[in-house]
Amino acid sequence: MPLQNKMPDAESKRCANALLRILDPEVCWADFLQGQMSACTDVVIQEEEDEIAAPAAEQPELSALDTLKADFNKATGALLELLLELMQGKHMDDCRSLSQDNVKLSHAVSEAAQAAQKEQKGCETKPLELIKCLCLVVQSFDTSTKSVSISTSLPAQSLIQTLTPSGSTEEEVVARERVWKQVQAERRKFITFSVVSKLAKDTLQAALRGSGKVWSHSGQLNSSHRLIFASADLATETGDEPWMQPSPPQAAQWNSVAEFAISLTGPTDFCLLCDGRMREVRRIHEDIVLSQTQTEEIFIIYTGGCVPRAGRTRRVPLSSRKVETAAIRFPAVRSKLKTAKKENFTSCGEATTFQNTYSGVAFRPASELPLITCAEKAKIFTAAAPAVPAAPQAWQDAHTNDVPLFWQEGKPINFYLAILDEFKVKAVFDVTAGSGAMMEACITRGVHYHGLCLNREHMQWLQGVADRAACGLISIQGSTLHSEELGKSVRQYFADVLQNLIPPDANAEEELAEPESDEG
């Protein structure tokens, strides 16, 4: 019942009717179980009476349960399926055990979630199969695990925690807030943000002067550099189907970004501008940046499937857009710069930065993207897109109703890590903070970072993303932010946040598949 209360009103009413059908033994037998038993009996009789080889099986009809689940989302369908298993008599031994021990389901589910985390660390304590199934169902209802809110930076408790009758005491609430403020203080040592009114050369120069440690960075050639970065796929988002089509920034604004990049004269300043796989942006780079001295072009060659994360697309020849270019401006003539060994993205045989390609770069996986509700995303893109379209059904079924901030974002965090390592970057000024991939790379390496945001709502959302990344690093021994005492408190009060930062099993990762051909 607490899960039903978490549903939208319309779905909750439909689910209530479905629950009445399943939980009434006579109705459940007539609507769901009798047909299954008859089908099994027919199969047995056929085998006994006639041993002649059966003809090729036809497409099986949907069961009554499958028909019912089609009217609900994935989480509600999982709940209905578990209830039907109980009505069939499955998990009976587990039910007896729970009854004999007088265990409340909410407490058992909460303990199962904790046991699952301990099991990954080598603990062999295993809950009952019924409780494991119920825990998975509850977690499927928790759509906020990857979402970050602009209204508050403090992560909400997981759904499993809120369903526990005892809840959190007032002391625990105060302690959570205190620990989270300490996490934010640690994050600010490396990561800061600001808002600019527009992408113009003078406002960008003013923002750089106000970027604190990034502005005051004084490095040395070949050992400690400052990077000025921008990527066109993280500048804006427009259109009715942004998951299918790129959203190029306004030409005048990107001209200003390019002019700002070539105006910098710092002795250790590298400038890297990515075109976001958009031809119109590459033309701007060619006209403004690559026409200057001490510049070169980098090619990012993606691997795997096509980039659309949702929706359907047709296979049109040479339309995959799996090559991205970036214009780079060096702080000095290249004869004074040393090449560096390349550790990653060497599918084409790149050994050092003598090569200007990064090959075998996988598109940023959906599991790595922080999410946001459509309503809050609309507040960030008010000027560009007053109404943010809801995600396609395929995305909602596989993930949640929440969406990425930029559907077309391509570069993963490990690509940014490679850039920081190979070009000896110790400070980053990010003109397009996007959804925080460059920021996460910087906080991982202990690089000072200052990102420019579209507006205050975008900045508040990114601060939440950064705080979660800092939370994970604080609890990891040997990381740039590790603290034994604070890490212990983080593991105590924000275990669910740490769990969501763990990358999923690579084998279970959803791949970006190629579109189906017109020929079928």
Side-chain angles (χ1 to χ4, degrees), residues 2-3 5-6 104-121 123 135 138-193 370-373 375-376 400 402 435-436 439-440 443-444 456-457 459-477 479-503:
L3 289 179
N5 296 333
K6 296 290 182 180
K104 291 186 177 181
L105 280 179
S106 55
H107 287 299
V109 170
S110 179
E111 291 175 358
Q114 297 175 8
Q117 297 176 11
K118 294 178 181 178
E119 187 176 353
Q120 294 181 349
K121 300 176 182 178
C123 180
C135 183
V138 175
Q139 289 174 340
S140 68
F141 273 84
D142 197 350
T143 59
S144 63
T145 53
K146 289 179 60 181
S147 294
V148 180
S149 174
I150 63 176
S151 58
T152 176
S153 62
L154 180 67
Q157 289 183 306
S158 67
L159 182 56
I160 288 179
Q161 292 173 322
T162 61
L163 293 178
T164 304
S166 60
S168 299
T169 64
E170 184 177 351
E171 291 79 8
E172 289 176 337
V173 173
V174 173
R176 286 183 91 247
E177 294 178 351
R178 173 179 53 79
V179 172
W180 196 250
K181 289 180 179 179
Q182 290 177 300
V183 171
Q184 291 176 313
E186 292 298 311
R187 183 264 298 171
R188 293 190 189 98
K189 293 179 180 178
F190 291 95
I191 307 298
T192 57
F193 301 95
L371 303 181
I372 187 173
T373 65
E376 291 192 334
T400 70
D402 298 341
S435 58
M439 174 273 298
E440 292 195 46
I443 197 172
T444 301
R456 183 167 295 278
E457 289 77 13
M459 182 174 68
Q460 292 171 342
W461 183 78
L462 274 174
Q463 287 172 340
V465 175
D467 292 339
R468 284 162 173 78
C471 185
L473 291 173
I474 287 171
S475 62
I476 298 177
Q477 190 170 6
S479 71
T480 55
L481 294 180
H482 175 66
S483 169
E484 189 68 36
E485 183 177 352
L486 183 56
K488 183 178 180 180
S489 298
V490 164
R491 286 189 291 270
Q492 177 181 355
Y493 295 109
F494 300 102
D496 51 334
V497 175
L498 298 179
Q499 181 67 21
N500 294 327
L501 293 174
I502 299 175

Working to the nearest 0.5 Å, report the span between [atom1] of [X] and [atom2] of [Y].
{"X": "S483", "Y": "Q477", "atom1": "OG", "atom2": "CD", "answer": "11.5 Å"}
{"X": "E457", "Y": "S149", "atom1": "CD", "atom2": "OG", "answer": "11.0 Å"}
{"X": "Q463", "Y": "Q460", "atom1": "CD", "atom2": "CD", "answer": "7.0 Å"}
{"X": "S475", "Y": "L486", "atom1": "OG", "atom2": "CG", "answer": "9.0 Å"}
{"X": "R491", "Y": "I474", "atom1": "CZ", "atom2": "CD1", "answer": "11.0 Å"}
{"X": "T192", "Y": "M459", "atom1": "OG1", "atom2": "CE", "answer": "10.5 Å"}

Exercise: identify the closest heavy-atom pair between [X] and [Y]:
{"X": "R187", "Y": "A470", "result": "CB-CB, 3.8 Å"}
{"X": "M439", "Y": "F193", "result": "CG-CZ, 4.1 Å"}
{"X": "G472", "Y": "L498", "result": "CA-CD2, 3.7 Å"}
{"X": "I372", "Y": "S147", "result": "N-OG, 4.4 Å"}
{"X": "S435", "Y": "P370", "result": "O-CG, 3.5 Å"}
{"X": "I191", "Y": "A466", "result": "CG2-CB, 4.2 Å"}

R188: side chain to side chain contact (heavy atoms under 4.5 Å, CB included) partners, not counting sequence neighbours
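For R188, the residues satisfying side chain to side chain contact (heavy atoms under 4.5 Å, CB included) (neighbours in sequence not counted) are Q184.
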message = Is the shortest side-chain heavy-atom distance between T480 and T444 below 4.5 Å?
response =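 Side chain of T480 against side chain of T444, heavy atoms only: no contact under 4.5 Å found.
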- Non-hydrogen side-chain atoms of V183 and F494 separated by less than 4.5 Å: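 In short, these two side chains do not touch, never coming nearer than 4.5 Å.
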Fill in: Test side-chain contact (heavy atoms from CB on, under 4.5 Å) applied to E440 and V465, step by step
CA-CA 9 Å; E440 292 195 46; V465 175; 4.0 Å; yes
### Message
Quick test of your reading of the model: are K189 and E186 salt-bridged, counting only N-O distances below 4.0 Å?
### Response
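So K189 pairs with E186 through a salt bridge.
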